[in-house]
*Asks:* 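Handing you a structure now.
Counting convention: from 1, in listed order, for ligands and their atoms alike.
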Amino acid sequence: MRFLILSDIHANIEALEAVMADANGSYDQIVCCGDLVGYNPDPAAIVEWTEARCASVIRGNHDKVVAGIDDLEWFNPAAQASARWTKAQLSSTQLEYLHNLPQGPRAVDGFDIIHGAPFDEDEYVVSTESAADSFASLRGELAFFGHSHLQGGYFQKRRHVGHLDHVRAGEPELTIVLEHDTLYLVNPGSVGQPRDGDPRAAYAVYDTESRWLQFRRVTYDIELTAAKIRKAGLPDVLGMRLFRGQ
Ligand code: ZN
């Protein structure tokens with residue numbers, strides 16, 4: 001089985017369309033590690049798309065805030081403004097869909113999907129130290145996660161925890177084959193708001209039989225997304241950060 005692994009789409013339809021064109025149907029199922037909405041200007045379209053197309057989805061922290069499960073107070077001012085705006089754009093059915101998204105970890109097909117860390121969906125896994133804590137509570141050998149918006153992730157072989165490699169600037173992809181007797185926490189990167197300095201939309205493809213994993217990056221029309229952010233009256237900084245990949 002081949003999976004298209006998406007995370008942190010964040011209401012960016014231009015980025016998602018570019019990802020789907022790039023993936024070109026070469027997968028059996030789509031899974032999503034949360035944060036469908038927030039920051040960008042097309043939450044309703046992304047909720048509709050996710051409900052129709054994704055086989056397995058879990059909730060992210062932005063989905064929780066927009067659905068009223070969590071408080072706004074932990075968000076920075078731009079994220080707060082976008083969460084309020086997003087809530088007003090969604091129908092009651094769409095808000096209910098967000099509200100009912102399951103909490104990770106969720107078992108898929110020999111791997112789990114999680115939003116933050118295996119032990120806390122809101123925790124960021126952004127260092128080998130935080131990855132070591134996460135490996136200690138990992139249920140199987142492999143999980144895909146999001147939340148940090150940083151493509152790549154971590155492996156643990158015996159006691160050693162290290163970084164997975166990432167796609168270089170100007171390269172479209174990076175392929176690795178997962179080893180046995182090794183644990184993996186893999187971040188496909190963010191479709192809609194990458195923060196690793198590479199503004200291209202990020203995603204991953206994983207083949208369960210061959211244990212083949214490919215990180216991919218694809219350019220999209222950031223000018224259009226930023227113009228829609230301005231037109232919606234969302235904070236300008238949300239469009240500007242897309243150009244920098246931050
Ligand atoms: Zn996110």
*Asks:* Would you say His62 has an N, O or S atom lying under 2.8 Å from the Zn ion (ligand 1)?
*Replies:*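 Within the cut-off used here (under 2.8 Å), His62 places no N, O or S atom near the Zn ion (ligand 1).
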*Asks:* For the atoms OD1 of Asp8 and OD2 of Asp35, give the angle they form at the Zn ion (ligand 1), rounded to 10 degrees.
*Replies:*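 That angle is 90°.
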*Asks:* For atom CH2 of Trp74, is the number of surrounding heavy atoms from other residues, nucleotides or ligands below 6.0 Å larger than 12?
*Replies:*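 No.
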*Asks:* Between His149 and Asp8, is a side chain to side chain donor-acceptor pair (under 3.5 Å) present by the stated rule, with each step listed?
*Replies:* CA-CA 7 Å; His149 299 206; Asp8 299 279; 3.0 Å; yes
*Asks:* Do the side-chain N and O atoms of Ser130 and Asp133 include a donor-acceptor pair separated by under 3.5 angstrom?
*Replies:*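 Judged by distance alone, the side chains do not pair up.
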*Asks:* Looking only at the side chains, is there a donor atom on one of Arg2 and Gln29 sitting less than 3.5 Å from an acceptor on the other?
*Replies:*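 No pair is found: no donor N or O on one side chain lies under 3.5 Å from an acceptor on the other.
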*Asks:* With the Zn ion (ligand 1) as the reference point, give the N/O/S atom of His149 that is nearest.
*Replies:*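 Nearest N/O/S atom of His149: NE2.
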